[in-house]
Amino acid sequence: MAFLEDDYLLETDAALELYDHIADRPIVDPHNHIDLAEILTNDTWDDIWAVEGATDHYVWQLMRKRGVPEAKITGDAANREKWDALAETLPMMAGNPTYEWLHLDLKRRFGIDKEVTPETADEIWEETKAQLQTDEMRPQAVLREMDVEIICSTDDPTSRLEAHERFAEEVDGVELHPTFRPDRGMKIDNAEWATFVEELDAVTEADVSTFDGFLSAFEEQHHYFREHGCKACDIGTGTNPHSKPVSQERAAEIYDAARRGENLDPAAVEDFWAFMLEFIGELNAEAGWVTQLHVGAVRDYRESLFEDVGINAGGDVATQDVDIVADLDHFLDAFDGEMEIVLYTLDPTHYPSATVVARAYPNLSIGPAWWFHDSPMGIEEQLEEVASIDLLANHAGMVSDSRKLVSYGSRFEVFRRSLANVVGRMVDRGQLSMERGKDLVDHLAYDRPKELYGF
C-alpha cells in the first residue's frame, strides 16, 4: 500500500466500497475552534508555516519531542526557520497521526505528493507560497473547496457575536453557529473568574453585585446566543464533572465570598460548579440545545510551558481519575429525556463506563474520540466499543476540534476512512449486509450530526 493512496487506511474491499460511498459527503462540524477573524478578513496566508504550524499544538508538541527550541516553534524565529525546523524533524514523526494529517493537507489542498524532508523543504515552501497567493487559497474559498456545509465555533458567554453577524452577511455557502462555552463563569477558583464576572456585567443589563443578578446575566446572554442561532453548549469539566443537588442559597454564599476575595475551600468550589452545571443545563433544555460535556483534561500540566508560552500551548494531559458513573449521575437523571447530551471522554479507559451509561440514557450520545485519541487507531477503538455496547447509529459523529482551517478536510477524511474500516470488518464477518453498512456509514458521516444538533 503506497503512502496516502486511494486505499489509505482501508484494509478490505468492503471498507473501500463503504468509504467510496461517503467520501464526498459535505462536512458538518459541530465543534471546532475556527478563527472567525481569519475567515472574515479573508487575506491570503503568507506561507506554509502560517497554514500548518502557527496554530497547531499537535505540531508544537512533536517538534519539542525532537529537541526543537521553543524559539522555532512559538517564539520569535522567522516562519521560514520554523518550517525548516519542522521539515528537519517531520520524518521522525512518522507513525503519529500528525504526520499523516499534514501530508493529507498538502496532498488534498495543494496537490503536493512529496513527503516533507530537509531535502524537499525548500521546494514545498516555494510551491505552497505561490499557491497561497491565489484567490483559490483564501480562507473562504478553502472552506468551500473542502465542502464545509456547517460549522460551530466555540464562544465565551460574554461575546456579542459581531463576527457571526458579519459571517452570515459576507460568507456564502457555509452555515455558522455559535456555541455557548460557560467554563470561565463556572470555575470560581480560576484566576480568570473575577474578570469574567466584570465582562459579563459589561455586556448585559443585569447587576452582578448579587448572585441573582449574575444568574440573570447568564440567562440574558444565553438568550442572546439563542437568537443568533446557537445550537449547543460546550462545557469542559476537566477532572471535576461532579454533579449533585446544591441549593441556590449555598451557591449565593459561595459567590458572595468569592466577590469579597476570600479563599474558597475545595468543597465550596465543587458546590458552585455543581449548581452552575445544573442551572446551565436547565437553560439548555429550555432552549433545545445539545449539551456537550468534555471530561478528563488536565489543563496546563507542564508548568514551565504554561509559564513561558501560556494556555493551549501543548502542555495539557489526560487523566483516568474521573468516575463517569458517580460523577454524572445527578446531572443525567435531572435531564433524563429533557435534552440531548454528548459526552466526550479524553482517556480511553473511560469508554466502557461511558458506553454503558449511554446505553442506559437514550438522550446521551458518545462524542468522537477526542484530542490525543483522534487517530485512526483511537477512532476505530472507540467506534467498536460504542458499536458493541451502545448503538453505533447513535454515536454523535465527527467533529474537527481543530484550530487549523486547512485540516478540517483531513480530519474528517481520517474519521470516514476509519469508520469504513470498522463497518467493513462487520460486513466481512457477516454481521450485517453491505446495504446496511452503507446506510450506517452515511448516517454517521452526515445525517446523524444534523439530526442530533437540529441543523
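From a predicted model like this one, the values you see are computed outputs, not experimental measurements. All heavy atoms count here, side chains included; hydrogens, waters and symmetry mates do not.
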- Message: Within the 3.5 Å criterion, strictly below it, is a donor on S365 or R448 matched to an acceptor on the partner's side chain?
- Response: yes

- Task: Check the surroundings of atom CD in E198: do more than 12 heavy atoms from other residues, nucleotides or ligands lie under 6.0 Å from it?
- Result: yes

- Message: Quick test of your reading of the model: are R403 and D56 salt-bridged, counting only N-O distances below 4.0 Å?
- Response: no

- Start with the C-alpha distance between R181 and D156, add both sets of side-chain angles, then the distance that settles salt bridge (charged side-chain N to carboxylate O under 4.0 Å, His left out), and finish with yes or no. CA-CA 5 Å; R181 182 70 182 259; D156 192 272; over 6 Å; no

- Message: Any salt bridge linking R417 with E413? Criterion: basic side-chain nitrogen under 4.0 Å from a carboxylate oxygen.
- Response: yes

- Heavy-atom side-chain contact between L392 and L440 under 4.5 Å: yes

- Pair N284-T291, side-chain donor/acceptor within less than 3.5 Å: yes

- Message: If only side-chain N and O atoms count, and only distance matters, is there a donor-acceptor pair under 3.5 Å linking D321 with T319?
- Response: no

- Message: So, taking the atom named CD1 in I27 and the one named CG in L143, what distance separates them when rounded to the nearest 0.5 Å?
- Response: 9.0 Å

- Task: Quick one: closest heavy-atom pair of K82 and A71, and the distance?
- Result: CE-O, 3.6 Å

- Message: I'd like to know whether the aromatic ring centres of H177 and F455 sit less than 6.0 Å apart in this structure.
- Response: yes

- Are the side chains of T89 and V68 in touch, meaning some heavy atoms are under 4.5 Å apart? yes

- Query: For S433 and E435, does a side-chain donor sit closer than 3.5 Å to a side-chain acceptor?
  - Reply: no

- Task: Assign the ring pair W289 / H222 to parallel, tilted or perpendicular, where the plane angle (0 to 90°) is split at 30° and 60°.
- Result: parallel

- With the threshold set at 4.0 Å, does a side-chain nitrogen-carboxylate oxygen contact exist between D447 and K450? no

- Message: Would R25 and Y446 count as a cation-pi pair here, with the cationic atom under 6.0 angstrom from the ring centre and within 45° of the axis?
- Response: yes

- Query: Is it true that the NZ or CZ of R160 lies under 6.0 Å from the centre of Y224's six-membered ring and within 45 degrees of the ring axis?
  - Reply: yes

- When you check the side-chain N and O atoms of H294 and Q292, is any donor under 3.5 Å from an acceptor? no

- Query: Judged by modelled atom types alone, do D29 and S400 share a side-chain donor-acceptor pair under 3.5 Å?
  - Reply: yes

- Salt bridge check: are R109 and E136 linked by an N-O gap of less than 4.0 Å? no

- Message: Within the 3.5 Å criterion, strictly below it, is a donor on S410 or D105 matched to an acceptor on the partner's side chain?
- Response: yes

- Message: Within the supplied structure, the quantity of interest is the number of heavy atoms (other residues, nucleotides, ligands) at a distance under 6.0 Å from D323 CG; does it exceed 12?
- Response: yes

- Item | From E115 atom CD to I112 atom CD1, the distance as rounded to the nearest 0.5 Å | 13.0 Å

- Charged N to carboxylate O below 4.0 Å: is that the case for D390 and R359? no

- Query: So do D155 and F180 actually touch side chain to side chain, heavy atoms under 4.5 Å?
  - Reply: no

- Query: Between L328 and L364, is any pair of side-chain heavy atoms under 4.5 Å apart?
  - Reply: no

- Taking side chain as C-beta onward, heavy atoms only, is L16 less than 4.5 Å from D20? no

- With no hydrogens and no angle check, do the side chains of T41 and D43 hold a donor and an acceptor under 3.5 Å apart? no

- Query: Which value, rounded to the nearest 0.5 Å, describes the distance between E307 atom CD and D300 atom CG?
  - Reply: 10.5 Å

- Task: Taking only Lys NZ, Arg NE, NH1 and NH2, and the carboxylate oxygens of Asp or Glu, determine whether K438 and E17 approach each other closer than 4.0 Å.
- Result: yes

- Item | Ring centre gap for F335 and F331 strictly below 6.0 Å | yes

- Go through the side-chain N and O atoms of H228 and E165 and say whether any donor and acceptor fall under 3.5 Å apart. yes

- Message: Taking D122 first and then R80, would you say they form a salt bridge - that is, a charged N and a carboxylate O separated by under 4.0 Å?
- Response: yes

- Begin with the C-alpha distance, continue with both residues' side-chain angles, and end with the deciding distance and a verdict on side-chain hydrogen bond (donor to acceptor under 3.5 Å, both in side chains) for T74 and E70. CA-CA 6 Å; T74 63; E70 198 64 37; 2.6 Å; yes

- Pair W45-E38, side-chain donor/acceptor within less than 3.5 Å: yes

- Any ion pair linking D316 and R299 (charged N to carboxylate O, less than 4.0 Å)? yes

- Charged N to carboxylate O under 4.0 angstrom, E192 versus K187? no

- Task: Would you check if there is a donor-acceptor pair between the side chains of H395 and Q382 at a distance under 3.5 Å?
- Result: yes

- W83 vs W125 aromatic rings, parallel, tilted or perpendicular, using cut-offs 30° and 60°? tilted

- Task: Run the ring-centre check on F218 versus F225 and record whether the distance is less than 6.0 Å.
- Result: no

- Residues Q431 and R429: side-chain donor-acceptor under 3.5 angstrom: yes

- Side chains of H164 and S153: is there a donor and an acceptor less than 3.5 Å apart? yes

- Query: Cut-off 3.5 Å, side chains only: do D401 and W370 have a donor facing an acceptor?
  - Reply: yes

- Please check if any side-chain donor atom of T195 sits under 3.5 Å from a side-chain acceptor atom of E199, or the reverse. no

- Would you say the side chains of T179 and D234 form a donor-acceptor pair under 3.5 Å? no

- Query: If we only count heavy atoms from C-beta on, is the F167 to V174 side-chain gap below 4.5 Å?
  - Reply: yes

- Message: Could you check whether W101 and Y58 have their ring centres less than 6.0 Å apart?
- Response: yes

- Does the pair D439/R436 count as a salt bridge with the N-to-O cut at 4.0 Å? yes

- Query: Is there a donor-acceptor contact under 3.5 Å linking the side chains of E340 and Y453?
  - Reply: no

- List the atom of A396, the atom of G367, and the distance in Å for their closest heavy-atom pair. CB-CA, 4.0 Å

- Using the ring of each side chain (for Trp, its six-membered ring), is F3 parallel, tilted or perpendicular to Y99, with breaks at 30° and 60°? tilted

- Message: Tell me whether K114 at atom NZ has more than 12 heavy atoms from other residues, nucleotides or ligands lying less than 6.0 Å away.
- Response: yes

- Task: Report, as yes or no, whether the 6.0 Å neighbourhood of atom CG on L432 holds more than 12 heavy atoms from other residues, nucleotides or ligands.
- Result: yes

- Stepwise side chain to side chain contact (heavy atoms under 4.5 Å, CB included) test for V399 and N32: CA-CA 7 Å; V399 302; N32 67 33; over 6 Å; no

- Query: Distance from R66 atom CZ to Q61 atom CD, nearest 0.5 Å?
  - Reply: 15.5 Å

